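Computed from a predicted structure; not experimentally measured. Convention: sequence-line order gives letters A, B, ...; per-chain numbering from 1.
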Protein chains: 4
Amino acid sequence: MRILEAARRAFAARGYHGTLMDDVAREAGLSKGALYVHFSSKEDLFLALLDEAAATLVERLTEAITRAHGGRAKVAAALEAALVAFEDNEDLTRLFLVESAGAGPRVDDRRRQLRTALTGLVRVHLDEAVADGDLPPQDTGLAAAVWMGAVSEVVTAWLHERSRPLRELVPELAALLLRSVGFRDA
Amino acid sequence: MRILEAARRAFAARGYHGTLMDDVAREAGLSKGALYVHFSSKEDLFLALLDEAAATLVERLTEAITRAHGGRAKVAAALEAALVAFEDNEDLTRLFLVESAGAGPRVDDRRRQLRTALTGLVRVHLDEAVADGDLPPQDTGLAAAVWMGAVSEVVTAWLHERSRPLRELVPELAALLLRSVGFRDA
Amino acid sequence: MRILEAARRAFAARGYHGTLMDDVAREAGLSKGALYVHFSSKEDLFLALLDEAAATLVERLTEAITRAHGGRAKVAAALEAALVAFEDNEDLTRLFLVESAGAGPRVDDRRRQLRTALTGLVRVHLDEAVADGDLPPQDTGLAAAVWMGAVSEVVTAWLHERSRPLRELVPELAALLLRSVGFRDA
Amino acid sequence: MRILEAARRAFAARGYHGTLMDDVAREAGLSKGALYVHFSSKEDLFLALLDEAAATLVERLTEAITRAHGGRAKVAAALEAALVAFEDNEDLTRLFLVESAGAGPRVDDRRRQLRTALTGLVRVHLDEAVADGDLPPQDTGLAAAVWMGAVSEVVTAWLHERSRPLRELVPELAALLLRSVGFRDA
DNA sequence: GATGAATGAGAATTCATTCAT
DNA sequence: GATGAATGAATTCTCATTCAT
């Protein structure tokens, strides 16, 4: 929708508190009132965007995981899919990883929820790998958190520095994370 | 100082945007005007706290690293020191990891700066371990980012869930991170 | 009409300012635009209801008065007719006595107008009673105002407390008001 | 206080909904923000005024009643005191009798509360008169409501017409109301 | 140094009304 | 006649910052 696109651009560019409903309206080519016909508050609008970002990400990950075969391949594929998705959806990435922080308690809660969901996705596949004997038994919840944090940090740094394309980091980052849980280097 | 303590408590409890200068003044037992004698803006006050948090952390890490001997021991010690420091300074931890996000561009910049400094600390020692032949050559900058992200995520989760003491996670988290860069399990 | 009924319910339930045109439209099962085909403004719609309320009331009173014979009987009958009409048309009663206050100058004026008309009705019959020698000469305008105020207050209290049916109050209230103008107790 | 005076004038002149906080601020010679330092909302400000009006009225009535001796004299004195108080405090009178209607549920509740308190004052003295044998037994609650309604109506009419000073109506109105409860004409 | 009342530029939200379809 | 998305002016409330005392 026009409003969501405008909001995505605006929030990604100026952050939650830095973006006025006036900005969104202007960017959407609508009046402020029109925004409130579709979203009952600024927070709601942002939340809708956040959900969109998470849905996009989960979809991409699920797809990549489904396509890959074997424990190691699945987690590697998920990692690559995540980084590619982040790189291809810069605005949503920024919203999800950066601007959703400090936007008030409701947004904070949703952010945490979505991160937890994502972590859960990773964990399921680590558990499978453990069950299959591909990995030694371990606290996969902790490992999944480590992966999420690592990816989040690397992507956030990329958002600011843009030193080189995110996809180029995939091999090395994958090696690190796979090693962290006990996969042998390929 | 009384003001800094009051601000630390207030910001940690309600976040940057959720904390009013009135709150800080009340908590400090001072008038709002008195705050401005010492800090020229809300942002400045927050920045001072952020610096305090980073300094505390760096000091603890440096100390721990100095005490330890050998590449592996140093990085493990740093990791433990970090988690213990986070657990012992909950308010500052929250400020540094959570509330400093979304508090405006200047705060964002400083936050990034401090995280970079911390990452650098880790990196130096990874580089030494590589130089000493304890670790294979690798992108230690990336590895340091992974470590920072991992710790940040785990600590942030702990701030919300409090399922068990942070220090109990040290062994397993250390094992994960040490493995990630290529240390063999002890 | 469907719109008037919907508006009556809505305004009676939530008051003038508390009722949105959206509410009326929803309740009427029409679009907001359709409302404006029939009523040029929210105020007009409310005014139409107010007139309906007053017309209903005047009709009932006139009828009751016509049926009764003799000065005292006529005023007593009017009083009873008023209370019964109020009780039987709760929504209109609320509109007329309660919600029409504070709804803007035009509504205020009409409200006053209608109350004056009602007072006039009472006054005419008090004047007749005086002319017939059933009552001593007096300021019948003032007396009519007293009657209107008394009824208004009692009915308004009933709208909120509902302690007992309004019609049960008729004998005692009639006695009070008849005495007030100089009728001897029956 | 400057704010209360300004608010009194503004609300009396333009009603609750017709008065903007901007109007009050301008009239008080203050900024809008200053209003909110002292009153947390427009409603609160209005409520404070309403309480002031009621307190003024109750004080005057109590005083007048205390001074008078004997049942009949007391109620007559109260009535006169009320009318004089209304006439001397036109703005507060308008606030209490007119503008407090339709200003939202909280104001409506307080308005009702205050009217009930006033009615109670009248009722106590009617009860005493009954106990002393000066009046026949009767529903004094109903009678008090009648009195309140009558006075309210007469004063409201006066606010709009100003045909003649309110105090001139006292003798005739007193006669009407005293007769209504069964006092013999003096 | 301290006070706290006052400032004033916002900022979100509301809602009667309009009008292209 | 009907629709309902869009309007936009209005309005309340916010809060970091200032400054006379």
Whichever of B:Gly33 and D:Thr19 has its nearest DNA chain F nucleotide further upstream toward 5': D:Thr19
Given DNA chain E, 5'-ward residue of the pair C:Glu43 and B:Gly29, judged by closest heavy atom: B:Gly29
Length of the line joining A:Arg14:CZ and E:dA11:C1', which is rounded to integer Å: 15 Å
A:Leu30 CG - E:dT18 P separation (whole Å): 20 Å
A:Arg112 side chain to B:Thr156 side chain, donor-acceptor N/O pair below 3.5 angstrom: no
Length of the line joining C:Met21:CE and E:dT18:P, which is rounded to integer Å: 10 Å
Comparing B:Val37 and C:Ser41 on DNA chain E - which has the more 5′ nearest nucleotide: B:Val37
Sugar-phosphate only, base, or nothing, as touched by D:His17 at under 4.0 Å among non-hydrogen atoms: nothing
Under 3.5 Å on both distances, the Watson-Crick or G-U partner of E:dA20: F:dT3
Between F:dA16 (C1') and B:Phe39 (CZ): distance, integer Å: 16 Å
Touch class at under 4.0 angstrom, heavy-atom based, for D:Asp22 against every strand present: base
Below 4.0 Å: OP1/OP2 of E:dA2 and any side-chain N or O of B:His38: yes
Heavy-atom pair of closest approach, residues C:Leu159 and C:Arg94: O-NH2, 3.7 Å
Atom-pair distance (CG on B:Leu20; P on E:dG4), nearest Å: 17 Å
Distance, rounded to the nearest Å, where C:Leu35 contributes CG and F:dA5 contributes P: 16 Å
Sub-4.5 Å side-chain heavy-atom contact between C:Arg9 and C:Thr19: no
Lys/Arg-Asp/Glu bridge criterion (N-O < 4.0 Å) met for C:Glu43, C:Arg110: no
SB check C:Glu99 C:Arg14 (cutoff 4.0 Å): no
Protein-nucleotide distance (D:Arg26, atom CZ; E:dT7, atom C1'), rounded to Å: 16 Å
C:Lys32 (side chain) and F:dT3 (base): donor-acceptor pair under 3.5 Å: no
Sugar-phosphate only, base, or nothing, as touched by B:Lys42 at under 4.0 Å among non-hydrogen atoms: sugar-phosphate
Distance below 4.0 Å between B:Ser31 side-chain N/O and E:dG4 OP1 or OP2: no
Rounded interatomic separation in angstrom, taking OH from A:Tyr36 and C1' from F:dG8: 14 Å
